Amino acid sequence: MTGPAPADDRDRLAVAWVDQVRAALTRTLADADRAPRDRDVEALIELIDRGRRHLDDPRSLTRATAEGIGGAVFELIAISRARDEGARGRGEEPSDLLPQLMFFALRPYLGVDLALAELRRCTRERPPDGKGSASWNTIVHR
């Protein structure tokens with residue numbers, strides 16, 4: 001008889017998924033200077049959609065949630081790139097978006113507390129280069 005995975009297995013799978021999302025967003029941000037290909041967008045959406053496996057009721061969200069998040073990720077990167085075009089070295093780098101994008105991607109699947117913990121972790125792991133992190137309000141309201 002197959003039932004839900006034990007809590008330890010669910011936690012381990014959730015941690016692996018978070019690591020995969022972080023790696024995918026890091027690659028996406030590293031490639032911010034080029035236009036995304038359809039397969040890049042689809043791969044990110046597929047990965048984010050796997051987050052439904054970590055919900056108590058996977059049917060409580062649909063693929064449309066992951067599609068919205070994936071589309072928003074690429075749109076925020078494009079907005080940031082357009083805003084900072086010609087200002088490299090003076091403004092934010094695309095990688096500055098990682099903590100906020102991680103929060104945005106994880107929040108519907110893991111909840112506010114775990115998404116905030118990941119945001120803080122990503123922020124702490126940034127190299128001490130003297131640059132501040134991107135302001136979420138600045139990104140969204142520009």
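Since the model is a prediction, treat every value here as computed from it, not as a measurement.
Here the CG-CD distance, from Leu119 to Gln100, works out to 6.0 Å after rounding to the nearest 0.5 Å. Distance CD/Glu118 to OG1/Thr123: 9.5 Å, rounded to 0.5 Å. Distance CZ/Phe74 to CG/Leu101: 10.0 Å, rounded to 0.5 Å. One finds the CD1 atom of Ile48 at 12.5 Å from the CG atom of Leu61 (value rounded to the nearest 0.5 Å). The line from CG of Leu116 to CG of Leu106 is 10.5 Å long, rounded to the nearest 0.5 Å.
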For side chain to side chain contact (heavy atoms under 4.5 Å, CB included), just list the numbers for Arg50 and Gln20, CA-CA rounded to whole Å, side-chain angles, deciding distance to a tenth of an Å, and then say yes or no. CA-CA 10 Å; Arg50 288 187 212 144; Gln20 292 169 349; 3.8 Å; yes

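Other residues, nucleotides and ligands contribute over 12 non-hydrogen atoms within 6.0 Å of the CG atom of Asp57. Within a 6.0 Å sphere centred on CG of Asp56, heavy atoms belonging to other residues, nucleotides or ligands number 12 at most. For Arg63, the CZ atom is densely surrounded, since the number of other residues' heavy atoms within 6.0 Å is greater than 12.
Of all the heavy atoms in Met102 and Cys122, the pair that sits closest is CG-SG, 3.8 Å. Annotation for Leu25 and Leu98: closest pair CB-CD1, 3.7 Å, computed over non-hydrogen atoms.
Salt bridge status for Arg39 with Glu42: absent, with no side-chain N to carboxylate O gap under 4.0 Å.
Results of the side chain to side chain contact (heavy atoms under 4.5 Å, CB included) test with Tyr109 over Ile69, Val21, Leu114 single out Ile69 as the only residue that passes.
With a 4.5 Å cut-off on side-chain heavy atoms, Asp31 and Asp40 do not count as touching.
Note: Trp17 and His54 have tilted aromatic rings, judged against thresholds of 30 and 60 degrees for the angle between ring planes.
Without hydrogens or angle criteria, Thr28 side chain to Ala24 main chain gives a donor-acceptor distance under 3.5 Å.
Grouping the Ile, Leu, Val, Met, Phe, Trp and Tyr side chains by contacts below 4.5 angstrom, directly or via other members, places Leu76 apart from Phe103.
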